[in-house]
Asks: 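Sharing a structure with you now.
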Amino acid sequence: MITLKSDREIKEMAESGAILAGMHVGIRDLIKPGMSSWDIEEFALKYFKAHDAIPEQIGFEGYKYATCISVNDEICHGFPRKDLILKDGDLIKVDTVVNYHGAMSDSCWSYVVGKSTPEIDRLMDVTKKALYLGIDQAQVGNRIGDIGAVIQHYTEDENGYGDVREFIGHGIGPTMHESPNVPHYGEAGKGLRLRPGMTITIEPMINMGGWQAVMDDPNGWTARTQDGSLSCQFEHTLAITNDGPKILTSQDHEFDSKYLL
């Protein structure tokens, strides 16, 4: 079921999103070679507790952690691990969902540990731009397919990367995953028409190689690129409004100024 949110509900989701964004900003200064991905999980737990927020992923279909931390060829749903020690050049994705007094927000961000490379920088730049190209299509009257088509064209046709098909964006609030599905591929002019009050995530997962994913991890959760190539992801929660798409998980109010409430 698709729920249309009131202005009050959207503002509450933005408060939730501000907490989530603050956690991501804190991670920028935290990540360094030699730490474990479990250190990020502990930071997130402490941050959410200090801000009276609930890490909504814990308990979802049996998932045990506040964060998903996926490294290098892991596309998504990687577990935080005490024995996974980060090293220079690792590309990590940190994804989490916050429940703040009943209001939901969802965001994933990618980070390079220590020293990056031109290849990683380009993948990250393209993935982040793809997110914002998708957000620009999230206009009242447009269709879901408009979002996916622009992302797929930019990442695959223009840049030769793989646009993951197996995992997609979604509606959010009052629960974590709701209708509509929001693929990052597709055909312009097709799919559900966007209406004011809808709140969705756009979260392209872009591979340096092919788009195919495999689910062969013994944990039953983590997806990897089929060809072993690096994968990158950026995700925002946003509201569809008559004044255009409004990002509810912004980490940079100057960069996102035209998308804010």
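Worth knowing before you read on, the calculation uses all heavy atoms, side chains too, and leaves out hydrogens, waters and symmetry mates. Heads up: numbering here begins at 1 and tracks the sequence.
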Asks: List the atom pairs, with distances to 0.1 Å, where a side-chain N or O of residues 204-215 and a protein N or O form a donor-acceptor pair under 3.5 Å, not counting sequence neighbours.
Replies:
unit_1, atom_1, unit_2, atom_2, d
Asn207, OD1, Ser231, OG, 2.7
Asn207, ND2, Gly210, O, 2.9

Asks: Apply the side-chain hydrogen bond (donor to acceptor under 3.5 Å, both in side chains) test between Thr199 and each candidate in Lys5, Glu9, Glu178, Lys246; give the one that qualifies.
Replies: Lys5
Asks: Does a side-chain N-to-carboxylate-O contact under 4.0 Å join Arg165 and Glu156?
Replies: yes
Asks: Flag the pair Glu15 and Lys11 as a salt bridge only when some basic side-chain nitrogen lies within less than 4.0 angstrom of an acidic carboxylate oxygen.
Replies: no
Asks: Is there a donor-acceptor pair under 3.5 Å between the side chain of Ser107 and the backbone N or O of His236?
Replies: no
Asks: Does Arg122 come within less than 4.0 Å of Asp125, counting only side-chain N to carboxylate O?
Replies: no
Asks: Does Thr201 use its side chain to pair, donor to acceptor, with the backbone of His170 at less than 3.5 Å?
Replies: yes
Asks: Could you tell me whether Phe234 and Tyr132 have their ring centroids closer than 6.0 angstrom?
Replies: no
Asks: Under a 3.5 Å threshold, yes or no: a donor from one side chain and an acceptor from the other, between Gln137 and Asp146?
Replies: no
Asks: Aromatic ring centroids of His77 and Phe167 under 6.0 Å?
Replies: yes
Asks: Centre of Tyr154's six-membered ring, under 6.0 Å away, within 45 degrees of the axis: is that where NZ or CZ of Lys128 sits?
Replies: no
Asks: Does a sphere of radius 6.0 Å around CG in Asp88 hold more than 12 heavy atoms from other residues, nucleotides or ligands, not counting ones at 6.0 Å or beyond?
Replies: yes
